[in-house]
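Letters go in sequence order (proteins before strands), and every chain restarts at 1.
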There are 2 protein chains.
Amino acid sequence: MSAEKVTIADVARTAGVSKGLVSFALNNRPGVGAETRVRILQVAQDLGWKPSLRARSLSTQRSFALGLVIARNPEVLASDPFFPSFIAGVESILAAERRALVLSVVPDEETELQTYRSLVADGRVDGVFLSDLRHNDARIPLLTELGLPAVTLGRAEGDSPFPAVTIDDTPGVMESVRYLADLGHRRIAHVAGSTNLLHGTRRREAFAAAMTAAGLPDGQTVETDFSARAGSDATRRLLGQAIRPTAIVYANDPMAIAGLGVAHELGIRVPEDLSITGFDDIDFCRYVFPPLTTVSAAPAVWGRAAATTLLQLMEHGRADDVDLPAARLIIRGSAAPPTRH
Amino acid sequence: MSAEKVTIADVARTAGVSKGLVSFALNNRPGVGAETRVRILQVAQDLGWKPSLRARSLSTQRSFALGLVIARNPEVLASDPFFPSFIAGVESILAAERRALVLSVVPDEETELQTYRSLVADGRVDGVFLSDLRHNDARIPLLTELGLPAVTLGRAEGDSPFPAVTIDDTPGVMESVRYLADLGHRRIAHVAGSTNLLHGTRRREAFAAAMTAAGLPDGQTVETDFSARAGSDATRRLLGQAIRPTAIVYANDPMAIAGLGVAHELGIRVPEDLSITGFDDIDFCRYVFPPLTTVSAAPAVWGRAAATTLLQLMEHGRADDVDLPAARLIIRGSAAPPTRH
DNA sequence: CCCATGAACTGAACCGGTTTAGTCAACTAT
DNA sequence: ATAGTTGACTAAACCGGTTCAGTTCATGGG
């Protein structure tokens, strides 16, 4: 029927008021008589008027969209389901708000910064999510300069003007080490993620601290880039030694799963000859054998919280940091007491 | 310096011409004198003028953005890295075009259709990618009705007005079966994906056809939803039988990897006691043990081709179907001749 | 020589909202 | 009774582009 697009002028004419008043009524701002407001809204409803997002964008200088720029290397991106889950969480909040998510996947940091610039220059987004925080993260001064609201996933180091939505990984790593130590392991190694990444460093530090707390000698640590390939290589190196660790704590699940593959290949039984733990609790953990003991991270919950916080920041100009329940150890079958030998 | 935003009016004034002419010059349309055009562009450059995307959107009724709506269930989404790779491919094309990608992740088909409607109502996107095609796909008539350009990933059944970008998976499945048959397998089962999905059905039919072509009896087929969990369950069922298959062809890698886990758990050796093949060649295939023999799908390439095609459709009003190189079998270590027993 | 043609360019309308300045009537305070 | 205030509402400007109907002027054909 009324396939023709109806504009604010149509509503105004039909309701017998001016365009401006319709706008006021719609955005329920003061200055509109009570019954007039009702009438206007009624007419709008009858006519099926949907204010044009584009027109609104032009005059308000807002886009009603949020941005996410992902700068992971393709290998890591492909094996880590963090973002799909995180995004699903974000969307569950945005959908109700008539807001959209603009996604960019870029190959490197250079392009990443450039992408933020053009996102702002084009007014594509009103705010962004900052994930995979790095040391001295160049995005923070950039976004500050650009005046773009943002929420960081995890607390940024230094002083960041942006609210942080955080899941503390430290307890999860501590628990992993503690659990392995309690099982009787003494030679525990760590396959760390990239130390460029804050969470890479943090997990690594948590590992070191936990070893000390458990009264164990410093564990061997191998740095990687978080990719399955790197996890495989690191494991091969650790297990190729004359005296090898009896347990390995991996900084993420893809690396742990790759490590499990290497152990199988080398004929090293898990968990009898080698115990391993992962981090993130990706879906695959449950389906490899033995099922992977890991630390839960709840990316979807994280997405919801981050979206909520970002929206609040944009509405009210400020938002509090949010601390989500700390990641906890999930015990499955990939760890057991070490066998004497 | 010139942090103030410069508009087309500034350029016009500085160049001593009218706004309209600047617009003409910018969009290099006829009706502008050669040296005037040069002068205008020079002035624009000097002033650092960037035409406002929002203003342009309003007057041209375009958004300069493409949309992708993903309606997978969270479990499948979380274990299948198809989309991250696909999106990376899409982005590699869009970035150069100053276009953005709007992503929606929705929980069900109902919401999915609603999302397309609001994407159009809000004029968020100028075109969309249609993935995970289904039988009698409701999206096709909907988008036709809405007049939104689209590209389908794979050929839609029935008559679709949209160009299709296709990777034929039939040869890959055929090769898998053929390969297993040549190794000497006769009891080959298939863990199929959802038959709601076109590629689920197609792979299943390819499997059946391949069995016939190899002169083998019809293989046992279990339908699933493509999730790792379903792959695990299906495998458990197949291997729990008195007479079990000696090889299983999975319709995707997550299910194959989950199946591998089940086999390990049951003490069934792969590939000695059971051969398996996957589909998609996700990163993990290389890192589980034994490494998974699978079929390559090249989602990033698919993304590039789909983006290119969609852009062409939007520019020129039409675009040809694209057939990408067919998926091929990649032989790794998860299949071997069956052991007599 | 005159008129038709067309290229170069202008002015204004237009896209569809928001916002501000200002009008008008009713109400309050003095 | 009168000036001042307040609330409801209008008209017009504004956001920053695109587009279209005209105007101007040079050119060329008849």
What N/O pairs connect the protein and nucleotides 22-28 of chain D at under 3.5 Å? Give each pair on its own line.
none

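Annotation: side chain of A:Leu103 is in contact with side chain of B:Ile87 (closest heavy-atom distance under 4.5 Å). The closest side-chain heavy-atom distance from B:Val69 to B:Val128 is not below 4.5 Å. Counting heavy atoms from C-beta outward, B:Thr36 and B:Arg39 have side chains that approach closer than 4.5 Å. Side-chain contact between B:Ser85 and A:Pro74: absent, with no pair of heavy atoms (C-beta onward) separated by less than 4.5 Å. In this structure the side chain of A:Val151 never reaches within 4.5 angstrom of the side chain of A:Phe162, judged on heavy atoms. Counting heavy atoms from C-beta outward, A:Ile8 and A:Asp10 have side chains that stay 4.5 Å or more apart.
For residues 142-160 of chain B, every residue pair satisfying the side-chain hydrogen bond (donor to acceptor under 3.5 Å, both in side chains) rule, not counting sequence neighbours, is listed here: B:His135-B:Glu157, B:Arg155-B:Asp321, B:Arg155-B:Asp323. Residue pairs meeting the ring-ring contact (aromatic ring centres under 6.0 Å, His included) criterion with at least one member in residues 18-73 of chain B: none, sequence neighbours excluded. The stretch residues 68-77 of chain B participates, sequence neighbours left out, in these side-chain hydrogen bond (donor to acceptor under 3.5 Å, both in side chains) pairs: B:Arg72-B:Asp80, B:Arg72-B:Asp132, B:Glu75-B:Arg229. The side-chain hydrogen bond (donor to acceptor under 3.5 Å, both in side chains) analysis of residues 91-104 of chain B, with sequence neighbours excluded, yields the pairs A:Asp122-B:Arg98, B:Ser92-B:Arg304, B:Glu97-B:Arg99, B:Arg99-B:Glu315. Residue pairs that meet the ring-ring contact (aromatic ring centres under 6.0 Å, His included) test with at least one member in residues 103-129 of chain B, sequence neighbours left out, are B:Phe86-B:Phe129. Screening residues 61-70 of chain B for side-chain hydrogen bond (donor to acceptor under 3.5 Å, both in side chains) gives B:Ser63-B:Asp126 as the qualifying pairs, with residues at least two apart or on separate chains.
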Decide salt bridge (Lys or Arg N to Asp or Glu O under 4.0 Å) for B:Glu109 and B:Arg134; before the verdict, give the C-alpha distance in whole Å, the side-chain angles of both, and the deciding distance to 0.1 Å.
CA-CA 11 Å; B:Glu109 289 186 35; B:Arg134 298 183 286 263; 3.4 Å; yes
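Of the candidates A:Ile167, A:Val322, A:Val90, A:Trp302 forms a side-chain contact (heavy atoms from CB on, under 4.5 Å) with just one, namely A:Ile167.
Take B:Glu110 and apply the side chain to side chain contact (heavy atoms under 4.5 Å, CB included) test, not counting sequence neighbours, and it matches B:Asp108.
The stretch residues 17-27 of chain B touches DNA chain C through B:Val17, B:Ser18, B:Leu21, each having a heavy atom within less than 4.0 Å of the strand. Of the residues in residues 29-38 of chain B, those placing a heavy atom less than 4.0 Å from an atom of DNA chain C are B:Gly31, B:Val32, B:Gly33, B:Thr36, in numerical order.
Each of A:Ala55 and A:Gly16 lies near DNA chain D, and the nucleotide nearest A:Gly16 is the one positioned closer to the 5' end.
From the 5' end on, the contacts that DNA chain C makes with chain A at under 4.0 Å to a non-hydrogen atom open and close at C:dG16 to C:dT20.
Distance CZ (A:Arg39) to C1' (D:dC9): 11 Å, rounded to an integer number of Å.
One end of the helix from C:dC1-D:dG30 to C:dT30-D:dA1 points its axis 50° away from the other end's axis, with each axis taken from 5 pairs and the angle rounded to 10°.
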